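One is the number of the first residue; the rest follow in order along the sequence. Just so we're clear, the structure is a prediction, and the values are computed from it rather than from any experiment. In what follows, every heavy atom counts, from backbone to side chain, and hydrogens, waters and symmetry copies are set aside.
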Amino acid sequence: MSLLIGTTPTRTFDDARRWVTEGTALLTGAIEGLDVAAFDDDSQLPGWTRKHLLGHVAANADALGNLISWAETGVEKRMYASTEQRNADIEAAATRPADELRAWYHRSAGELEAAMGRLSAEQWEHEIITAQLVTRKASDVPWMRARELFVHAVDLGVGITFADLPDDFLLALADEIRTKRGLSDDDLRCVEGSLPDVAAWLAGRPHGLVAAPELGPWL
């Protein structure tokens, strides 16, 4: 796999904002195509139904909205009260009616988009702290949301694959994951395949690579 060897794909703020729009459209289309009963079916994430997944994505929009509020007002507002509360909320979401979850998803996504649209260039430069206690600029929030939307659209298990995601997004995603996993060019030289398959492998999702070492889950 040569695409990720010796190169650092570029990712701009405008790219991330575009990917949020595209990812929202992709996931929304997938969700709207499900009947009520299908929400109780398993997703592609072990131990999670589609209700778990949809609740997680909806809660993620609310949580990222907290970071945008922090950047806008200067008043600290963390993503989640605690990891335990976040996990409890996801489990509770899995018991909610499908239509209620769909409405939450639409509301939270719309409110996040509106909040991002209000930020000035200066506010985008404000520092925030993620759920992983990493200090980043608010301008990283669109990228954080784009990852959730695209990857979990695949995880929903409705036939969307990494091959359906934009190539420039996949390059940026694969580069970020390989860095976080501490994988060198030498680690990648033994992995040959298409960009979607390599990105799926790096993300710990099903892929078509042959003899690729198993990686743990990511995101």
Side-chain angles (χ1 to χ4, degrees), residues 1-30 43-48 53 56-57 60-61 63-64 67 79 109 112 116 124 128 130-219:
M1 169 55 179
S2 60
L3 283 172
L4 297 179
I5 295 178
T7 63
T8 302
T10 58
R11 167 173 59 83
T12 69
F13 175 76
D14 288 341
D15 287 335
R17 290 286 276 138
R18 170 171 54 85
W19 292 331
V20 170
T21 299
E22 294 173 355
T24 299
L26 182 66
L27 183 55
T28 298
S43 73
Q44 292 188 349
L45 293 178
W48 272 18
L53 186 62
H56 166 66
V57 176
N60 171 261
L64 293 177
L67 299 185
M79 290 182 69
L112 176 60
M116 290 194 294
W124 279 116
I128 47 86
T130 70
Q132 293 74 38
L133 303 181
V134 176
T135 300
R136 305 178 71 161
K137 290 185 177 180
S139 56
D140 281 332
V141 169
W143 168 244
M144 295 163 64
R145 181 60 175 172
R147 293 181 315 187
E148 296 281 339
L149 291 163
F150 276 131
V151 175
H152 289 323
V154 176
D155 293 334
L156 196 63
V158 295
I160 297 170
T161 71
F162 275 73
D164 296 309
L165 310 186
D167 283 351
D168 54 355
F169 168 79
L170 290 175
L171 280 170
L173 180 72
D175 182 65
E176 178 175 271
I177 300 174
R178 69 166 286 189
T179 299
K180 289 186 175 182
R181 289 191 183 277
L183 298 175
S184 66
D185 285 351
D186 286 340
D187 294 322
L188 294 176
R189 284 193 175 93
C190 64
V191 180
E192 296 184 3
S194 67
L195 174 60
D197 272 333
V198 171
W201 167 67
L202 286 168
R205 265 64 176 185
H207 57 80
L209 302 180
V210 177
E214 184 175 350
L215 298 177
W218 173 88
L219 193 69

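Side-chain contact between L27 and I160 is absent, with no heavy-atom pair separated by less than 4.5 Å. Proximity of D167 to L195: side-chain heavy atoms (C-beta onward) are separated by under 4.5 Å at one or more points. Under the 4.5 Å side-chain criterion, counting only non-hydrogen atoms from C-beta, V20 is not in contact with E148. Contact check for F162 versus V154: side-chain heavy atoms found under the 4.5 Å cut-off. At least one side-chain heavy atom of L170 sits under 4.5 Å from a side-chain heavy atom of P196.
Partners of R147 under the salt bridge (Lys or Arg N to Asp or Glu O under 4.0 Å) rule, at least two apart in sequence or in another chain, are E176. Applying the side chain to side chain donor-acceptor pair (under 3.5 Å) rule to Q44 yields no partners; only residues at least two apart in sequence or on another chain are considered. Not counting sequence neighbours, H207 has no partner by the side chain to side chain donor-acceptor pair (under 3.5 Å) test.
Looking at D15 and R18, a side-chain N of the basic residue comes within less than 4.0 Å of a carboxylate O on the acidic one, giving a salt bridge. Using a 4.0 Å cut-off between a side-chain N of Lys or Arg and a carboxylate O of Asp or Glu, R17 and D14 do not qualify as a salt bridge.
Nearest approach of A30 to V158, heavy atoms of both residues: CB-CG2, 3.8 Å. Across all their heavy atoms, L202 and L183 have their closest contact at CD2-CD1, 3.4 Å. Annotation for L173 and V151: closest pair CD2-CG2, 4.1 Å, computed over non-hydrogen atoms. Looking at every heavy atom in both residues, A16 comes nearest to W143 through CB-N, 3.6 Å. Nearest heavy-atom pair, R136 versus D140, reported as atom, atom and distance to 0.1 Å: NE-OD2, 3.2 Å. What you find for A131 and M79 is that their closest heavy atoms are N-SD, 3.3 Å.
A distance of 10.0 Å separates OG1 of T130 from CG of L64, quoted to the nearest 0.5 Å. If you take CZ on R145 and OG1 on T24, they are separated by 6.0 Å, rounding to the nearest 0.5 Å. Distance NZ/K180 to CH2/W218: 6.5 Å, rounded to 0.5 Å. Summarising the geometry, atom CG belonging to N60 is positioned 7.5 Å from atom CG belonging to L149; distances are rounded to the nearest 0.5 Å.
Looking only at distances, a side-chain donor or acceptor of D187 sits under 3.5 Å from a matching main-chain atom of S184. In this structure, W201 contributes its side chain and P213 its backbone to a donor-acceptor pair below 3.5 Å. Between the side chain of D155 and the backbone N or O of L45 there is no donor-acceptor pair closer than 3.5 Å.
In this structure, W48 and H152 have tilted ring planes: the angle between them lies in the 30° to 60° band. Between W19 and F169, the two ring planes are perpendicular [angle over 60°; tilted spans 30° to 60°].
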